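Here's the structure, in structure tokens; my notes come after.
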Amino acid sequence: MFALSDRPLLEHPLVQSLADPAAGALVTFEGRVRQQNQGRAVTRLEYEGAELLAANEFKSIEAEASQRFDITQLHCVHRTGMLEIGEIAVWMGVLAPHRGPAFDACRYVIDELKKRLPIWKKEYYADGDSGWINAP
Amino acid sequence: MFALSDRPLLEHPLVQSLADPAAGALVTFEGRVRQQNQGRAVTRLEYEGAELLAANEFKSIEAEASQRFDITQLHCVHRTGMLEIGEIAVWMGVLAPHRGPAFDACRYVIDELKKRLPIWKKEYYADGDSGWINAP
Amino acid sequence: MIQIEVTYYAMLRERRGLSAESIQTEAASLGALYDDLAGEFGLPNKRQHLKVAVNDQFVSWDSSFAPGDRITFIPPVSGG
Amino acid sequence: MIQIEVTYYAMLRERRGLSAESIQTEAASLGALYDDLAGEFGLPNKRQHLKVAVNDQFVSWDSSFAPGDRITFIPPVSGG
């Protein structure tokens, strides 16, 4: 399951509701706002997402992960709006009977998410400049 | 850093105190008590550890991980005492500038921990039997 | 001439100056529609760097569209 | 004859019936010490399946030991 949220992610119900008595392993990934990117000092970040399209595309990624890896539950939340340094931009958790597939699936999903989900990041720099990442 | 704890792990200071403004990625692993192991219904588990020896051996594992992977912080807590189904037996978190090394280091450390740390698990089964795992 | 809804995000939204608008168009495909809008509003992205969705499903640039469809142009993504 | 402290864990602790004890021994190596104790108390593990530590550092079975050392026999581990 996937959601966008404009609130601190660890408060989100999807973060709290991973549970399965058959699961022996939980792997989580958090992407946090770094104070620099490619050598430039970053002061804050802004994220924007196309919510329904992102949810649809995440369903495809989740189906791929479930087919490739023996996992029981997968939750992911991505932040929108303005974020300060150290805040969590994306959180995901994968439950599985065993740890190998939990690691593999978590890594697969974050890699695909970054390539495919319609979410955009704007960086604000210490020198006052700003820009959308991947803009032409 | 490593600790043993006889309390629910998510309350432990080492779980709460991972933070580094240079870190862009956090990968965590939780090993949870499963309701069955190798086809037998498990009702609860007991863990026992050799604390100082485990802390020393974890330092070696942590040094290996820091040498192999670009990580900034590694915390791990292992539970001792009696655990119910679904409780967390081991928690670890790895902070790194980027996600690849965070995943790789987390996986390396849990694999080595399971092989090398002087910690023992006793399973209690639904049929009333019990036994130390890996006992001869 | 049909009426559709166009939704803009990120750099496209900023350049256009709004998030969504209703448009009358005679374009025969999504590709032609984008080229028209890019010319009219000076949208910064070349079409080969974008993807396109109709009613929240990704589709190909040569797809057609129907009155009332919601069309979204997807600039290069940078989530995570 | 020297006095040392032996610590037991898990299956060894259960079989011995205690966690630690002071022992007088004439054994010349850790291997000989374990063999003596295993024979006396019926410890379940063969030595080749164990590791041994002196004062919380792993050492080899042919290491010697000194009066007052704390010796721990490590059965096969199963943490995580």
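Just so you know, these numbers come straight off a predicted model, no measurement behind them. In the text below, chain A, chain B and the rest are named by the order of the sequence lines, each starting its count at 1. Just the heavy atoms: all of them, side chains too, but no hydrogens, waters or symmetry mates, feed the values below.
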- Message: Using a 3.5 Å distance criterion without hydrogens, assess whether the side chain of C:D56 forms a donor-acceptor pair with backbone atoms of A:N56.
- Response: no
- From A:E123 CD over to C:S78 OG, what is the distance, rounded to the nearest 0.5 angstrom? 8.5 Å
- Query: So does C:E26 have more than 12 non-hydrogen atoms from other groups sitting under 6.0 Å from CD?
  - Reply: no
- How far apart are the closest heavy atoms of A:A89 and C:G80, and which atoms are they? CB-O, 4.4 Å
- Which of A:A55, A:A50, A:P118 touches chain C most, by non-hydrogen pairs under 4.5 Å: A:A50
- Portion of C:A53 that has a non-hydrogen atom of chain A nearer than 4.5 angstrom: side chain
- Message: Using a 6.0 Å cut-off, check whether atom CD of C:Q24 has over 12 heavy atoms from anything other than its own residue.
- Response: yes
- Message: Which one wins on heavy-atom pair count under 4.5 Å against chain C: A:M92, A:R116, A:K114, A:K115?
- Response: A:K114
- So what's closer than 4.5 Å to chain C heavy atoms on A:R79: side chain, backbone, both or neither? neither
- Item | Minimum side-chain heavy-atom gap A:E57-C:V77 below 4.5 Å | no
- Item | CZ/A:R40: more than 12 non-hydrogen atoms of other groups inside 6.0 Å | yes
- Proximity breakdown for A:K121 and chain C, heavy-atom pairs closer than 4.5 Å: both
- Message: Can you tell me which portion of A:L113 sits under 4.5 Å from chain C's heavy atoms? Options are side chain, backbone, both or neither.
- Response: side chain
- When rounded to the nearest 0.5 angstrom, what distance separates NZ in C:K51 from CG in A:L53? 8.5 Å
- Quick one: pull up CZ in C:R15 and CH2 in A:W132 and give me the separation to the nearest 0.5 Å. 13.5 Å
- Query: When rounded to the nearest 0.5 angstrom, what distance separates CD in C:E14 from CH2 in A:W120?
  - Reply: 12.5 Å
- Message: Would the distance check show the side chain of C:Y9 and the main-chain N or O of A:I119 forming a donor-acceptor pair, the cut-off being under 3.5 Å?
- Response: no
